[in-house]
Amino acid sequence: METVRNDEGETYLLVKRSAESSRVRDPATGAERYVDNDDLRVVDGESALATAASGVPEPVRRTLGAVRDDRSLGLLAVVVDEGPIAAIDLLDAADMCESDLHGAITEFRAAGLVDEVDVAGRRGYEATTVAIEAMGLLRSGSEGGEGGGVDERDGD
């Protein structure tokens, strides 16, 4: 597989090349179509796998790089849903030891998913807009997920 670009600057994955045309895949949609070979140029030095990943929204790619497992994804969801949240309250809410929690939060901070904030005079964490957007995109693609949800913190 190779990365190719057409004359309009659109980037595709080359799936199959024949004598006159090539089958290409749009990384954003996965849709395949045939394009004349004369309209395509191979992009040297660009990984086909990186091109394939480019179809996934950047906030989701960033989140996937920082999340190790379901527990750390759940931790990020708690910060998104309940934040800003004091570190001590996050430790109580999470089924992680302090070391694992600190490690996950450090990964999230390095990825730009959470910021350290003051919560009622205590150290705490707040989700960034990148994390909020990523969680919304991930949830909207899940079974039964609607992406918006109801903010129950506003109470009744």
Side-chain angles (χ1 to χ4, degrees), residues 1-6 8-15 24-33 41-156:
M1 210 177 300
E2 291 181 291
T3 299
V4 294
R5 196 164 282 132
N6 67 11
E8 289 82 40
E10 296 167 323
T11 303
Y12 298 99
L13 290 165
L14 178 64
V15 177
V24 296
R25 180 180 306 130
D26 182 335
T29 64
E32 293 184 1
R33 65 187 184 104
R41 306 287 174 262
V42 173
V43 180
D44 290 323
E46 191 167 325
S47 164
L49 294 177
T51 300
S54 72
V56 176
E58 190 277 334
V60 174
R61 289 195 318 266
R62 192 185 303 188
T63 299
L64 291 174
V67 170
R68 298 186 306 259
D69 53 25
D70 284 350
R71 290 174 61 214
S72 60
L73 179 59
L75 177 64
L76 183 60
V78 167
V79 175
V80 167
D81 294 343
E82 297 182 20
I85 185 169
I88 192 75
D89 295 333
L90 196 54
L91 188 57
D92 286 342
D95 64 344
M96 300 174 126
C97 69
E98 189 173 349
S99 175
D100 288 348
L101 177 73
H102 180 71
I105 290 292
T106 300
E107 291 279 341
F108 297 162
R109 288 184 68 200
L113 300 174
V114 299
D115 289 325
E116 190 171 310
V117 295
D118 182 274
V119 179
R122 294 182 168 173
R123 182 180 50 137
Y125 301 99
E126 178 176 53
T128 64
T129 56
V130 172
I132 293 166
E133 182 180 350
M135 195 60 64
L137 289 165
L138 289 167
R139 285 175 168 162
S140 68
S142 66
E143 261 185 61
E146 295 183 23
V150 175
D151 189 354
E152 296 179 10
R153 289 179 290 169
D154 292 337
D156 24 88

query: Tell me, do Ile105 and Leu75 make a side-chain contact under 4.5 Å, heavy atoms counted?
result: yes
- request: Please confirm whether the backbone N or O of Gly112 pairs with a side-chain atom of Thr128, one donor and one acceptor, at under 3.5 Å?
  value: yes
- request: For Tyr12 and Arg33, test the side chains for any donor-to-acceptor distance below 3.5 angstrom and give the result as yes or no.
  value: yes
- request: Any chance you could lay out the side-chain contact (heavy atoms from CB on, under 4.5 Å) test for Asp118 and Arg123, step after step, and finish with the verdict?
  value: CA-CA 5 Å; Asp118 182 274; Arg123 182 180 50 137; over 6 Å; no
query: Does any non-hydrogen side-chain atom of Thr11 lie less than 4.5 Å from one of Val4?
result: no
message: Contact between Leu13 and Val24 at the side-chain level, heavy atoms closer than 4.5 Å - yes or no?
response: no
message: Minimum heavy-atom separation for Leu101 and Ala94, please, with both atom names.
response: CD1-CB, 4.4 Å
message: Which heavy atom of Pro59 sits nearest to which heavy atom of Val130, and what is that distance?
response: CB-O, 3.6 Å
message: Using modelled atom types and a 3.5 Å cut-off, is there a donor and acceptor pairing between side-chain atoms of Arg25 and backbone atoms of Ala31?
response: no
Working for side-chain contact (heavy atoms from CB on, under 4.5 Å), residues Met135 and Leu73: CA-CA 9 Å; Met135 195 60 64; Leu73 179 59; 4.0 Å; yes
- line: Rounding to 0.5 Å, atoms CD (Glu116) and CZ (Arg109) come to a distance of 4.5 Å
query: What is the distance from atom CG of Leu91 to atom CE of Met96, rounded to the nearest 0.5 Å?
result: 10.5 Å
query: Name the one of Val117, Leu76, Leu90, Leu113 that satisfies side chain to side chain contact (heavy atoms under 4.5 Å, CB included) with Tyr125?
result: Leu90
query: Hey, are the side chains of Met1 and Leu14 touching, using non-hydrogen atoms and a 4.5 Å cut-off?
result: no
message: If you compare all heavy atoms of Pro84 against all heavy atoms of Val119, which two are closest, and at what distance to 0.1 Å?
response: CB-CG2, 3.9 Å
query: Does the side chain of Val79 come within less than 4.5 Å of Phe108's, by heavy atoms?
result: no
Pairs satisfying side chain to side chain donor-acceptor pair (under 3.5 Å), at least one member in residues 94-105, at least two apart: none
task: Assess whether atom CG of Asp92 is packed by more than 12 heavy atoms of other residues, nucleotides or ligands within 6.0 Å.
output: yes
statement: By salt bridge (Lys or Arg N to Asp or Glu O under 4.0 Å), Glu46 pairs with (sequence neighbours left out) Arg5
- line: Looking only at heavy atoms, the pair that brings Val67 and Asp69 closest together is CG1-O, 3.4 Å
message: Any side-chain to backbone donor/acceptor pair from Asp26 onto Gly30? Under 3.5 Å, distance only.
response: no
- request: Using a 4.5 Å cut-off on heavy atoms from C-beta on, say whether the side chain of Val114 contacts that of Glu126.
  value: no
message: Taking CZ in Arg61 as the centre, count heavy atoms belonging to other residues, nucleotides or ligands within less than 6.0 Å. Is the count above 12?
response: yes
